[in-house]
Amino acid sequence: MVYIIKKAVILFLTLFLVSLAVFSAFHVIPGDPAMLILGTESSPEKLESLRTELGTDKPLLVQYANWVRGTFIGDFGVSLKYRKNVSELIHGRITLTFILGMTSFFMVAILGIPLGILSGYRKSGLIHPIINIFSMLGISIPGFFLSILIIWCFGLSLHVFIPGEYNGFKFFFPALAIALPQISVLVKYLSSSVIEEYSRPYIRTARSKGNSELRILFCHVLKNSFVSVIPLIGMITGSIFSGSIIVEQVFSISGIGRLLISSVTSRDFPLTQTIVLYIASTIVFVNFIVDVFIQLIDPRIRLRP
């Protein structure tokens, strides 16, 4: 219980620091949001009136306190570019990003785990180097270039989908662009973990007792390998969200990532702050769940001071 409380404190402290960093970044950069909206030719009276409406005429500490208070009640302010409530703008886009992210995550789990186990289990055969080569390729190819290749191959050449139109199974292709690098990372890490566990002394003991190789793999090796691999889930979650920002832009998907790029380029700080805080909260919360889960399945962590 003490371990969980410590992790919860770290979670809220991390979110506080993220919110402070995001808020400060946009207020340190020179520029006046009111002038950005009305233009440089606007009268001082109109500029001052808009500053009062936006709340940018108040001290920074008051603005930050108002923003934090608004996030707790679901009021994220008004977008400077779209002149709509931020919550209204991101409501529908979160669904698209969530579907894209979950599809990618399932691809990572369904393909990455079996391939990683197979690569580690067959380390002395041809399977291991072949999977290793493809894993290195997947890690090395940038996400935006992989997205372009998928669009060119399956969209423009094979006409499996129409670029810019995604519904149903067609989400498979942008999700694949996000998932492939993460599958490669998981395969590489899990394969190394399985190989390392096979070198442990307890494997020789299990074999001396007459256990079959499959029993040793599933009852001993994988049990210990997954303990070290589970923390990678948090990192993969963060990579899926960061990869989604690029992939959504390349595939022209109207999700959170594409909206974030639009808000940053237009210096729409209420919208940007909310999206960044949402992404950071998701990543931090997933890492918190992973830490708690590891603590429950691995008694060694509970014994640490």
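FYI, the numbering just counts along the sequence from 1.
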Looking at Q182 and V108, would you say the former's side chain and the latter's main chain have a donor-acceptor pair under 3.5 Å?
no
From N287 CG over to I10 CD1, what is the distance, rounded to the nearest 0.5 angstrom?
11.0 Å
Side-chain (N85) to main-chain (S87) donor-acceptor, under 3.5 angstrom
no
On a heavy-atom basis, the closest approach of V290 and P231 is CG1-CA, 3.8 Å
Consider only side-chain heavy atoms of I, L, V, M, F, W and Y, link residues closer than 4.5 Å, and tell whether F106 and M235 are in one cluster.
no
F105: ring-ring contact (aromatic ring centres under 6.0 Å, His included) partners, not counting sequence neighbours:
none
Neighbour count above 12 (heavy atom, 6.0 Å) for L61 CG
no
Reference residue F288; test side chain to side chain contact (heavy atoms under 4.5 Å, CB included); the match among V286, V284, V292:
V292
With a 4.5 Å limit on heavy-atom distance, are the side chains of S252 and R258 in contact?
yes
All heavy atoms of A206 vs all of I216, minimum pair found to be CB-CG1, 4.0 Å
Using side-chain heavy atoms (C-beta onward) and a distance below 4.5 Å, is I90 in contact with L271?
yes
Give the minimum heavy-atom separation between F161 and I151, together with the two atoms involved.
CZ-CA, 4.0 Å
When you look at Y278 and I94, which way does the side chain to side chain contact (heavy atoms under 4.5 Å, CB included) test go after all the steps?
CA-CA 10 Å; Y278 162 74; I94 285 180; 3.7 Å; yes
Using a 3.5 Å cut-off and no angle test, enumerate the donor-acceptor pairs between side-chain atoms of residues 126-140 and protein atoms at least two apart in sequence or in another chain.
{"from": "H128", "atom 1": "ND1", "to": "S119", "atom 2": "O", "distance (Å)": "3.0"}
{"from": "H128", "atom 1": "ND1", "to": "S119", "atom 2": "OG", "distance (Å)": "2.9"}
{"from": "N132", "atom 1": "OD1", "to": "K188", "atom 2": "NZ", "distance (Å)": "2.3"}
{"from": "S135", "atom 1": "OG", "to": "I131", "atom 2": "O", "distance (Å)": "2.8"}
{"from": "S140", "atom 1": "OG", "to": "M136", "atom 2": "O", "distance (Å)": "2.6"}

Start with the C-alpha distance between E248 and L100, add both sets of side-chain angles, then the distance that settles side chain to side chain contact (heavy atoms under 4.5 Å, CB included), and finish with yes or no.
CA-CA 9 Å; E248 285 181 6; L100 189 60; 3.9 Å; yes
Could you check whether any side-chain N or O of N224 sits under 3.5 Å from a backbone N or O of H220, counting only pairs where one atom can act as donor and the other as acceptor?
yes
Say whether, by atom type as modelled, one donor and one acceptor occur between the side chain of S24 and the main chain of L20 under 3.5 angstrom.
yes
To check you understand the geometry: which heavy-atom pair defines the closest contact between L89 and S79, and what is its length?
CD1-CB, 3.4 Å
Give the cluster check for V276 versus V264: same hydrophobic cluster or not, with ILVMFWY residues linked at side-chain heavy-atom distances below 4.5 Å.
yes
Results of side-chain hydrogen bond (donor to acceptor under 3.5 Å, both in side chains) for R207 - residues two or more places apart only
E213
pair L259-I275: side-chain heavy atoms closer than 4.5 Å:
yes
Could you tell me whether the side chain of S208 and the main chain of T205 form a donor-acceptor pair under 3.5 Å?
yes
Are V62 and V68 co-members of a hydrophobic cluster defined by side-chain heavy atoms under 4.5 Å apart?
no
With a 4.5 Å cut-off on side-chain heavy atoms, are S104 and M107 touching?
no
From I279 atom CD1 to T274 atom OG1, the distance as rounded to the nearest 0.5 Å
11.0 Å
My understanding is that only residues two or more places apart in sequence, or in another chain, count here; which of them pass salt bridge (charged side-chain N to carboxylate O under 4.0 Å, His left out) with R200?
E196, E197
With sequence neighbours excluded, residues passing salt bridge (charged side-chain N to carboxylate O under 4.0 Å, His left out) with K123
none
Only pairs at least two apart or in different chains count here, so list each ring pair (Phe, Tyr, Trp, His ring centres under 6.0 Å) that has a residue in residues 44-88.
F23-Y64
Please answer whether the main-chain N or O of F154 pairs with a side-chain N or O of S157 as donor and acceptor at a distance below 3.5 Å.
no
Below 4.5 Å, heavy atoms only, C-beta onward: do F172 and T103 meet side chain to side chain?
no
Should I289 and F98 be counted in the same cluster of Ile, Leu, Val, Met, Phe, Trp and Tyr side chains packed under 4.5 Å apart?
no
Report the distance from atom CD1 of I256 to atom CG of L96, rounding to the nearest 0.5 Å.
9.0 Å
D291 side, atom CG; L11 side, atom CG - distance, nearest 0.5 Å
9.5 Å
Please find the pair of heavy atoms, one from S191 and one from G120, that lie closest to each other, and give the distance.
OG-N, 3.5 Å
Heavy-atom distance under 4.5 Å between the side chains of P174 and I253, does that happen here?
yes
Going by heavy atoms in the side chains, are F144 and V247 under 4.5 Å from each other?
no
Quick check for you: to the nearest 0.5 Å, what is the distance between L156 atom CG and I148 atom CD1?
11.0 Å
Please answer whether the main-chain N or O of R93 pairs with a side-chain N or O of T97 as donor and acceptor at a distance below 3.5 Å.
yes
Trace of the side chain to side chain contact (heavy atoms under 4.5 Å, CB included) decision for L15 with S281
CA-CA 7 Å; L15 289 178; S281 301; 3.5 Å; yes
CG on L176 to CZ on F171, rounded to 0.5 Å:
14.0 Å
For I117 and L217, run side chain to side chain contact (heavy atoms under 4.5 Å, CB included): C-alpha distance rounded to whole Å, both residues' side-chain angles, the deciding distance at 0.1 Å, then the answer.
CA-CA 9 Å; I117 296 172; L217 174 64; 4.2 Å; yes
Looking at L146 and P181, what are the two nearest heavy atoms and their distance?
CD2-CD, 4.0 Å
Check whether any side-chain heavy atom of V221 lies under 4.5 Å from a side-chain heavy atom of Y121, and answer yes or no.
no
When hydrophobic residues are tied together by side-chain contacts of less than 4.5 Å, even through go-betweens, does M102 share a cluster with I99?
no
